[in-house]
Structure formats: structure tokens, C-alpha cells
Amino acid sequence: MLAAVAGTVPESRAAGALLVGYGAARELARFAADPRWRVQVPGHPAEVRRVILDAVRRGDRTYVHVTDRSNAEPRDATEGFTLVRQGREGVVLAVGATPDPVLSATTGLDLTILYGATIRPYDEIGLRTPVLAADHADVVLVEPGEPGTSARQVAETLVHVPHRLLALGEPDATGEQALARAVRDFLR
């Protein structure tokens with residue numbers, strides 16, 4: 001993932017700030033808590049390139065969090081959350097390089113899986129819509145940083161929706177067996 005960063009950042013860029021953190025979970029939490037920053041967590045080297053070029057083009061404050069893990073294939077790293085799989089028993093929001101382990105861990109479960117590469121600004125509609133469509137308002141948040149990095153945003157998004165939230169981070173977010181056990185224990 002770091003090689004994607006090195007080959008992407010242009011020498012000159014517009015006003016703004018672009019910071020890249022490598023595996024820095026505390027930094028991810030710090031920037032995610034600051035509303036002045038756009039926070040992106042791409043899950044594949046091709047996504048890293050797109051995210052950085054878009055950030056340079058926008059010229060705003062962007063923190064890009066990369067890790068040593070990667071999804072097998074790039075996904076649509078848009079501003080909002082992308083539907084990966086439709087289900088009825090709850091919603092899993094997989095951030096960054098977590099969709100591949102999430103999909104493996106939830107095989108056989110009737111869950112909606114969403115992918116997010118941008119966690120700030122937060123896609124409230126992208127989360128609220130599938131939660132309201134599900135039979136149970138159970139949300140599993142799987143992030144590559146500290147557990148609960150985006151828990152406040154989930155709670156604020158669903159403030160008028162009775163729901164349950166399981167927030168997972170390192171190492172639970174990447175270990176397929178631990179993730180499968182946590183998700184199955186959480187579901188009704």
C-alpha cells in the first residue's frame with residue numbers, strides 16, 4: 001500500500017493539506033475526531049491512488065490511512081458507503097481493508113455488507129437506509145483502527161432508530177475467526 005502512495009503524490013499541489021498515515025491507529029482516531037479533516041481509509045493500492053489524486057484536486061484537508069493489509073480487488077472508493085451484499089438480518093459496515101475478512105466471516109449469514117473508504121464526512125444516508133430496510137437494526141462496525149472510531153457517527157446517524165451496535169477494530173477486524181465469532185455472538 002505504501003508503494004501506491006509514493007508513486008501518486010505530485011510534486012506541486014493546490015492549497016490544503018494531505019497527510020498519509022501508515023498503520024497509525026491512534027492518528028486515525030485523532031483525525032476522525034476532528035471535523036475539519038476529510039478522512040479516507042482505502043482498502044487497496046488502486047484505491048490509494050484515486051483517493052490521493054482526488055484529495056490533491058480538491059485541495060482540502062485530507063488524512064489518508066493505509067495499512068499493510070489489502071483487499072484482493074479494489075472497490076468503489078466513493079464518498080459514500082457502497083453496497084457489497086444485500087441481507088435482512090442486520091448491517092455490517094466494513095472500512096478500508098476489512099471487507100474481504102468480513103465477507104469470509106459472514107458467509108451463510110443474511111447480512112447487508114457495506115464498504116466505506118471515506119469515513120469523514122460520514123455517509124449518514126448510506127448507513128441509515130439499509131439499517132431501516134433490515135429486519136433488525138443491528139449494526140456491526142468493522143474498522144482497521146481502534147474499536148469505535150466511528151461509533152459516535154453511527155449513534156448520531158441512528159439517534160431516532162432503536163438499534164444495537166458492535167464496534168470492532170484491530171485485531172478483531174482482520175482475524176477472520178475472531179470476527180466470525182464476534183458477529184455471530186452479537187446477532188439475535
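- No path of Ile, Leu, Val, Met, Phe, Trp and Tyr side chains, each step under 4.5 Å between heavy atoms, connects F31 with V20, placing them in separate hydrophobic clusters.
- Between V95 and P144, the closest heavy-atom pair is O-CD, 3.6 Å.
- Two residues are said to be in side-chain contact when any heavy atoms from C-beta on lie closer than 4.5 Å; I113 and P99 fail this criterion.
- Residues V102 and F81 do not share a hydrophobic cluster, clusters being chains of Ile/Leu/Val/Met/Phe/Trp/Tyr side chains in contact below 4.5 Å.
- To the nearest 0.5 Å, the span separating CD on E89 from CG on L109 amounts to 9.0 Å.
- Within the 4.5 Å cutoff, the side chain of L179 has heavy atoms near those of the L168 side chain.
- The pair R50-D76 fails the salt-bridge criterion, with no side-chain N (NZ, NE, NH1 or NH2) lying under 4.0 Å from an Asp/Glu carboxylate O.
- In the hydrophobic cluster analysis, where Ile, Leu, Val, Met, Phe, Trp and Tyr join through side-chain heavy atoms closer than 4.5 angstrom, L141 is grouped together with L28.
- Note that CZ of R58 and CG of L53 are 10.5 Å apart. Values are rounded to the nearest 0.5 Å.
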Notebook entry, point to check: Should R128 and L158 be marked as a side chain to side chain contact (heavy atoms under 4.5 Å, CB included) after you check the CA-CA gap, both sets of side-chain angles, and the distance that decides it?
Noted result: CA-CA 7 Å; R128 188 180 305 115; L158 301 175; 4.3 Å; yes
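- Looking at residues two or more places apart in sequence or on another chain, you find no salt bridge (charged side-chain N to carboxylate O under 4.0 Å, His left out) involving R184.
- For Q86, the side chain to side chain contact (heavy atoms under 4.5 Å, CB included) partners are L83, T112, not counting sequence neighbours.
- Considering all non-hydrogen atoms of both residues, N71 and T98 come closest at OD1-N, 4.0 Å.
- Here T107 contributes atom OG1 and E176 contributes atom CD; the two are 7.5 Å apart, rounded to the nearest 0.5 Å.
- Proximity of the aromatic rings of W37 and Y63 is defined here by a centroid distance below 6.0 angstrom, and this criterion is not met.
- Nearest heavy-atom pair across G126 and L114 is O-CD1, 3.5 Å.
- Hydrophobic clustering (ILVMFWY, side-chain heavy atoms < 4.5 Å, transitive): V41 and Y22 are in distinct clusters.
- With contacts defined as side-chain heavy-atom distances shorter than 4.5 Å, the pair V140/T106 does not qualify.
- Once rounded to the nearest 0.5 Å, the distance linking CG of L127 with CD of Q153 reads 11.0 Å.
- In terms of heavy atoms, A182 sits closest to L166 at O-CD2, 3.6 Å.
- You'll find the side chain of V39 stays beyond 4.5 Å of the side chain of H65, heavy atoms only.
- Going from atom CG of L93 over to atom CD of E143 covers 7.0 Å, rounded to the nearest 0.5 Å.
- Between D110 and R88, no side-chain nitrogen of the basic residue sits less than 4.0 Å from a carboxylate oxygen of the acidic one, so the salt-bridge criterion is not met.
- D100 pairs in a side chain to side chain donor-acceptor pair (under 3.5 Å) with only one of the listed residues (R75, R69, H44), which is R75.
- Contact detail for E73 and E47: the closest heavy-atom pair is O-OE2, 4.5 Å.
- L111 is listed as a side-chain neighbour of V183, based on a closest heavy-atom distance under 4.5 Å.
- In terms of heavy-atom proximity, G80 sits nearest to D123 at CA-OD2, 3.2 Å.
- Under a 3.5 Å cut-off, the side chain of Y122 and the backbone N or O of T157 do not form any donor-acceptor pair.
- Defined by atom type and a distance below 3.5 Å, a donor-acceptor pair is present between the side-chain atoms of R120 and S150.
- E27 places no side-chain N or O within 3.5 Å of a backbone atom of G21 that could act as its donor or acceptor partner.
- At a threshold of 4.5 Å between side-chain heavy atoms, the hydrophobic network of Ile, Leu, Val, Met, Phe, Trp and Tyr places L103 and V91 in two separate groups.
- R152 is linked by a salt bridge (charged side-chain N to carboxylate O under 4.0 Å, His left out) to E156, counting only residues two or more places apart in sequence or in another chain.
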